[in-house]
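Remember, it's a predicted structure, so these values are computed and weren't measured experimentally.
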Amino acid sequence: MADDMETLGILDEIQALVSDKLQVVSYKWLSRNFLVSSDSAKRLLQEFVEKHGEGLEVVYSLAGWLKTSPSTYHIRLVSTPNLAGWMSFLNVTL
């Protein structure tokens, strides 16, 4: 129950930051400022996007070896509409 209350509080904070202050919120920032694990921060951001995603631009960090050139490691910031396309070019590590 305490975890649910904490999650709701963090989701409300994200809502205020994104909509009122127009702040960019990354999982790393979330993890450091709310003292949660990186995996928990990623889960919270995913939950936030599922609930409030309309009008937001979500950007993913993709990293992996190019399938066409296995000796080339590539890191790319990708928006949601381009995510599937870029994932097809990489052996991706999310």
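Under a cut-off of 6.0 angstrom, the local environment of NZ in K28 is sparse, with at most 12 non-hydrogen atoms contributed by other residues, nucleotides or ligands. Atom CZ of F48 has more than 12 neighbouring heavy atoms from other residues, nucleotides or ligands inside a 6.0 Å radius. Under a cut-off of 6.0 angstrom, the local environment of CZ in R32 is sparse, with at most 12 non-hydrogen atoms contributed by other residues, nucleotides or ligands.
Atoms CG and CG, from N82 and L77 in turn, are 12.0 Å apart once rounded to the nearest 0.5 Å. For the atom pair CG of L17 and CD of Q15, the computed distance is 9.5 Å after rounding to the nearest 0.5 Å. The distance from atom CD of E47 to atom CG of L11, rounded to the nearest 0.5 Å, is 5.0 Å. Rounding to the nearest 0.5 Å places CG of N33 at 10.0 Å from CD of E13. S61 OG to R76 CZ: the interatomic distance, rounded to the nearest 0.5 Å, is 11.5 Å. Atom-to-atom distance recorded for F89:CZ and T68:OG1 is 8.0 Å, nearest 0.5 angstrom.
Contact record, A63 with I75: CB-CG1, 4.0 Å, taken as the closest heavy-atom pair. When all heavy atoms of S31 and S37 are compared, the pair lying nearest together is OG-C, 3.8 Å. Closest approach of E57 to S79, counting heavy atoms only: OE2-CB, 4.0 Å. Minimum heavy-atom separation, S40 to V36: CB-CB, 4.1 Å.
Tracing side-chain contacts under 4.5 Å through hydrophobic residues (I, L, V, M, F, W, Y), one never reaches L44 starting from V59; they form parts of separate clusters. Put simply, L45 and L56 are part of the same group of oily side chains (I, L, V, M, F, W, Y) that touch within less than 4.5 Å, one to the next.
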H74 and W86: CA distance, side-chain angles, deciding distance, side-chain contact (heavy atoms from CB on, under 4.5 Å) verdict
CA-CA 11 Å; H74 199 76; W86 272 102; 4.0 Å; yes
Would you please test L62 and L83 for side-chain contact (heavy atoms from CB on, under 4.5 Å) and show each step?
CA-CA 9 Å; L62 297 182; L83 186 61; 3.9 Å; yes
Working note: Q23 + V18, criterion side-chain contact (heavy atoms from CB on, under 4.5 Å); need CA distance, chi angles, decisive distance, verdict.
CA-CA 5 Å; Q23 181 170 331; V18 171; over 6 Å; no
Show, in sequence, the C-alpha distance, side-chain angles and deciding distance for T80 and Y60, and conclude whether the side-chain contact (heavy atoms from CB on, under 4.5 Å) test is met.
CA-CA 7 Å; T80 302; Y60 296 89; 3.6 Å; yes
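Note: F34 and W29 have perpendicular aromatic rings, judged against thresholds of 30 and 60 degrees for the angle between ring planes.
At least one side-chain heavy atom of S38 sits less than 4.5 Å from a side-chain heavy atom of Y27. Side-chain atoms of L30 and I10, non-hydrogen and from C-beta on, do get closer than 4.5 Å to each other. For the pair K67 and L90, the minimum side-chain heavy-atom distance is 4.5 Å or more.
Using modelled atom types, one side-chain atom of S88 and one backbone atom of G85 make a donor-acceptor pair closer than 3.5 Å.
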